[in-house]
Student: 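Sending over a structure as structure tokens; questions will come in a sec.
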Number of protein chains: 2
Amino acid sequence: MKRTRFDDWPCPIARATDLIGDWWTPLVMRDLFFGRRRFDAIQESLRIPRAVLAARLERLVDEEMVVKVAYEDRPPRYEYRLTDKGRDFWPVLAAMWRWSADWLFDAAGPPVVLKNRETGRVVNPIVVDEDTGAPVDLRTIRVGRPPH
Amino acid sequence: MKRTRFDDWPCPIARATDLIGDWWTPLVMRDLFFGRRRFDAIQESLRIPRAVLAARLERLVDEEMVVKVAYEDRPPRYEYRLTDKGRDFWPVLAAMWRWSADWLFDAAGPPVVLKNRETGRVVNPIVVDEDTGAPVDLRTIRVGRPPH
DNA sequence: GCGAGTAGGTTCGCTTATTGAACGAACCCA
DNA sequence: TGGGTTCGTTCAATAAGCGAACCTACTCGC
């Protein structure tokens, strides 16, 4: 039996899960965000099986999260770069980072943190409503039909 | 070969991916957030294989995202309820929701939206720095060691 | 008392995915 | 000629996912 697909479900969470809901894709995206662009660099960083990395990158290219760019013709060499769609995924990883740092580490917290590139201050991501700035938590949210 | 585990990696994204990085767990969490608490309700909603749902729920209980509560003794009946750790995961799904709604649907957008429970207004989640309120995007963030 | 129904799973046989290691292809340099 | 680099593919074995059927422990209607 093939894996169940969610990529045509009406729920946004389902479609996103179809795309990044596996054990390697979020980490591949993380490496791309951190500036690793070459196959071997990602493979060594994650120690991911090469066949799996090739399959994940192919899927990300198909979905236009990433483009494969030749940076050298002879010998042919390629690198993988984030598209706008891919870059815009970063806040999702930032939200995951925050939750994980809060709940999956001991009291000392993780050995790495997010910092503002200019001020150097530690950044703690939270998720808020774009219009009101109010934190998005379950008690204040419901699901409904789009207006009109 | 066993699946590679990330749950002791120093990177928060890796640990979170180990826990929710599969094709069903985010959707199980979604159902719990939407108030489905019983095994059969989740199974029918997602049409997930029963064995897979049992394994996912067991993992979520082990990780203390969810507690299994008997709500009836004879006959024995159970339901699954989110813990604080589980409820705090909602912003991650909200960030996924926003990205997915922006990039994985046609111009009309998804047929469901998030709304403020009181005002009824549409909520568009964004990820910002808790202290400054500045949007968290890749250009302004770097990774560093925690202070001190 | 007996069969049907319900909730919450487990077991079964089969298909697909993941794994580490080895192998290729296409070029470079000495 | 022989190695090195980069970007993969192929391989056999193991693990995970799949739908369907089955199990347990009750309740209810007759």
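Worth saying up front: this structure is predicted, and the values here are computed from it rather than measured. In what follows, chains are A, B, ... by sequence order, proteins preceding strands, each numbered from 1.
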Student: Below 4.0 angstrom, which residues in residues 13-23 of chain B have at least one non-hydrogen atom near DNA chain D?
Tutor: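 Residues of residues 13-23 of chain B that come under 4.0 Å of DNA chain D do not exist, since none gets that close.
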
Student: With no hydrogens and no angle check, is any side-chain donor or acceptor of B:Q43 less than 3.5 Å from a backbone partner on B:I48?
Tutor: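 Between the backbone of B:I48 and the side chain of B:Q43 there is a qualifying donor-acceptor contact (under 3.5 Å).
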
Student: Starting at CZ of A:R36 and ending at P of D:dT6, how long is that distance when rounded to a whole Å?
Tutor: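 The answer, rounded to whole Å, is 15 Å.
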
Student: Any carboxylate oxygen within less than 4.0 angstrom of a Lys/Arg side-chain nitrogen, looking at A:R139 and A:D137?
Tutor: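 Between A:D137 and A:R139 there is a salt bridge, with a charged N closer than 4.0 Å to a carboxylate O.
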
Student: Do the side chains of A:V113 and B:P146 get nearer than 4.5 Å, heavy atoms only?
Tutor: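 Heavy-atom side-chain distance check passes, below 4.5 Å.
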
Student: Under 4.0 Å: is that the gap between some side-chain N or O of A:Y71 and OP1 or OP2 of D:dC7?
Tutor: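 So the side chain of A:Y71 is within the cut-off, an N or O lying under 4.0 Å from OP1 or OP2 of D:dC7.
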
Student: State which of D:dT27, D:dG8, D:dA25 makes the closest approach to the side chain of A:K68.
Tutor: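 Closest nucleotide to the A:K68 side chain: D:dG8.
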
Student: Rounded at 0.5 Å granularity, tell me how far CG in A:N124 sits from CG in B:D131.
Tutor: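 Here the rounded value is 6.5 Å.
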
Student: What is the distance, to the nearest angstrom, from the CZ atom on A:R5 to the C1' atom on C:dT15?
Tutor: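 These atoms are roughly 16 Å apart.
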
Student: Give a yes or no answer on whether the side chain of B:K85 reaches the backbone of B:E63 with a donor-acceptor pair at less than 3.5 Å.
Tutor: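 Pair found, side chain donor or acceptor close to backbone of B:E63.
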
Student: In terms of side-chain geometry, is the basic nitrogen of B:R3 or A:D22 positioned less than 4.0 Å from the acidic oxygen of its partner?
Tutor: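 No salt bridge links B:R3 with A:D22.
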
Student: Between C1' on C:dA26 and CZ on A:R77, what's the gap in Å once rounded to a whole number?
Tutor: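 Rounded to the whole Å, the gap is 7 Å.
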
Student: Would you say that A:L104 contacts A:P110 through its side chain, given a criterion of any heavy-atom pair below 4.5 Å between the two side chains?
Tutor: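 They are not in contact (no side-chain heavy atoms under 4.5 Å apart), so the answer is no.
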
Student: Can we say A:R98 and B:D129 salt-bridge, meaning some charged N sits less than 4.0 Å from an Asp/Glu carboxylate O?
Tutor: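 Between B:D129 and A:R98 there is no salt bridge, as every charged N stays at least 4.0 Å from the carboxylate O atoms.
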
Student: Which nucleotide sits closest to the side chain of A:W24: C:dG8, C:dT19, D:dG17?
Tutor: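 Per side-chain heavy atoms of A:W24, the pick is C:dT19.
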
Student: Closest nucleotide of DNA chain C for B:Y80 versus for A:P76: which of these residues is on the 5' side?
Tutor: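 First, find each residue's nearest nucleotide; the 5'-ward one identifies B:Y80.
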
Student: Return the residues of residues 37-64 of chain B meeting this criterion: a heavy atom under 4.0 Å from some atom of DNA chain D. Order them by number, or give none.
Tutor: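 Under 4.0 Å from DNA chain D: B:P49, B:R50, B:V52, B:R56.
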
Student: Taking only the side-chain nitrogens and oxygens of A:T4, find out if one of them lies under 4.0 Å from OP1 or OP2 of D:dG17.
Tutor: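 False: A:T4 side-chain N/O out of range (4.0 Å or more) of D:dG17 OP1/OP2.
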
Student: Using whole Å, what does the distance between atom C1' of nucleotide C:dA7 and atom CZ of B:R74 come to?
Tutor: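 Interatomic distance, CZ of B:R74 to C1' of C:dA7: 16 Å.
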
Student: Do B:S100 and A:I13 touch side chain to side chain, with heavy atoms closer than 4.5 Å?
Tutor: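 No; the side chains remain at least 4.5 Å from each other.
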
